[in-house]
Peer 1: 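Below: one structure in structure tokens.
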Amino acid sequence: MILLIINIVALSTNLNPVAAQVDVKTCADGTMTKQCGESIRLRVAMNVGPPPTKDCCAELVKVGKPCHDAYVQERHLKVHDFVGSAEDLLKRSDQVWTQCVNSIHPPAQAPAHFD
């Protein structure tokens, strides 16, 4: 029982508090295709499949990080619908988000005269 409480406290520090204010039932309505949502779900929750396509990433970025985090927390974390540990799930979620943002908005390159 004590380990369960410790794990809950430790896990709660990794959660996005803004995501708790997002309604996962409506935040992505009409913004993300079912195919894209399934691709992201498989990658984040089940750790299978290829990275999301650039088009799918554009949909995810349009939905926004709070909605993405809320979906992961509500639909996967709370019902333990994922492989690996909760920490693994949250790490994969952040990795997919970062990969998508970078594919849509690549990091700026330093000018050649700074090399």
Side-chain angles (χ1 to χ4, degrees):
M1 183 65 156
I2 292 173
L3 286 176
L4 177 62
I5 293 169
I6 291 171
N7 283 336
I8 290 171
V9 171
L11 178 60
S12 67
T13 60
N14 292 329
L15 300 179
N16 180 346
V18 175
Q21 301 170 15
V22 174
D23 183 359
V24 296
K25 295 176 185 166
T26 59
C27 68
D29 279 357
T31 308
M32 185 174 283
T33 62
K34 288 183 181 183
Q35 296 85 354
C36 178
E38 180 65 4
S39 169
I40 292 171
R41 183 191 75 80
L42 289 173
R43 187 73 172 174
V44 171
M46 301 301 142
N47 199 25
V48 297
T53 64
K54 189 170 182 173
D55 288 341
C56 184
C57 281
E59 292 179 27
L60 179 64
V61 170
K62 185 175 180 181
V63 165
K65 181 87 163 106
C67 184
H68 173 65
D69 288 347
Y71 189 85
V72 169
Q73 291 172 24
E74 285 290 319
R75 300 288 192 230
H76 300 298
L77 192 59
K78 283 189 177 180
V79 296
H80 198 82
D81 178 29
F82 57 92
V83 297
S85 68
E87 184 178 329
D88 293 336
L89 171 72
L90 297 174
K91 189 181 298 183
R92 288 191 303 266
S93 174
D94 285 341
Q95 287 171 341
V96 166
W97 176 260
T98 301
Q99 289 168 351
C100 280
V101 168
N102 288 339
S103 76
I104 302 304
H105 306 289
Q109 298 294 320
H113 65 275
F114 286 115
D115 288 340

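It should be emphasised that the depicted structure is a prediction, and the values quoted were computed from it without experimental measurement.
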Peer 1: I'd like to check Thr33 versus Glu59 (side-chain heavy atoms, cut-off strictly below 4.5 Å). Are they in contact?
Peer 2: yes
Peer 1: If you take all heavy atoms of Val72 and Ser93, which pair is closest and at what distance?
Peer 2: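 Closest pair (atom of Val72, atom of Ser93, distance): CG2-OG, 3.5 Å.
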Peer 1: Taking C-beta and beyond as the side chain, do Ile104 and Lys54 meet within less than 4.5 Å on heavy atoms?
Peer 2: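 Side-chain contact under 4.5 Å: yes.
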Peer 1: In terms of the angle between their ring planes, are Trp97 and His68 parallel, tilted or perpendicular, with boundaries placed at 30° and 60°?
Peer 2: parallel
Peer 1: Which value, rounded to the nearest 0.5 Å, describes the distance between Arg41 atom CZ and Cys36 atom SG?
Peer 2: 13.0 Å
Peer 1: Work out which heavy atom in Cys27 is nearest to a heavy atom in Val63; give both atom names and the distance.
Peer 2: O-CG1, 4.5 Å
Peer 1: First locate atom CG of Leu90, then atom OG of Ser85, and finally report the distance between them rounded to the nearest 0.5 Å.
Peer 2: 8.5 Å
Peer 1: Are the two sulfur (SG) atoms of Cys56 and Cys100 closer than 2.5 Å?
Peer 2: no
Peer 1: Between Met32 and Ile40, is the side-chain contact (heavy atoms from CB on, under 4.5 Å) condition met? List the steps.
Peer 2: CA-CA 11 Å; Met32 185 174 283; Ile40 292 171; 4.0 Å; yes
Peer 1: Apply the test side-chain contact (heavy atoms from CB on, under 4.5 Å) to residues Leu89 and Arg92: give CA-CA distance (whole Å), side-chain angles for both, the deciding distance (0.1 Å), then the verdict.
Peer 2: CA-CA 5 Å; Leu89 171 72; Arg92 288 191 303 266; 4.3 Å; yes
Peer 1: Tell me whether Ser39 contacts the main-chain N or O of Gln35 through its side chain, where contact means a donor paired with an acceptor under 3.5 Å.
Peer 2: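 Absent.
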Peer 1: Go through the steps for Leu60 and Val96 under the test side-chain contact (heavy atoms from CB on, under 4.5 Å), then give the verdict.
Peer 2: CA-CA 10 Å; Leu60 179 64; Val96 166; 4.1 Å; yes
Peer 1: Answer with yes or no whether the hydrophobic clustering places Val83 together with Val48; edges join I, L, V, M, F, W, Y residues whose side-chain heavy atoms lie under 4.5 Å apart.
Peer 2: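 Yes: a chain of side-chain contacts under 4.5 Å links Val83 to Val48.
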Peer 1: When Lys78 is tested against each of His76, Glu74, His80 for side-chain hydrogen bond (donor to acceptor under 3.5 Å, both in side chains), which residue passes?
Peer 2: Glu74
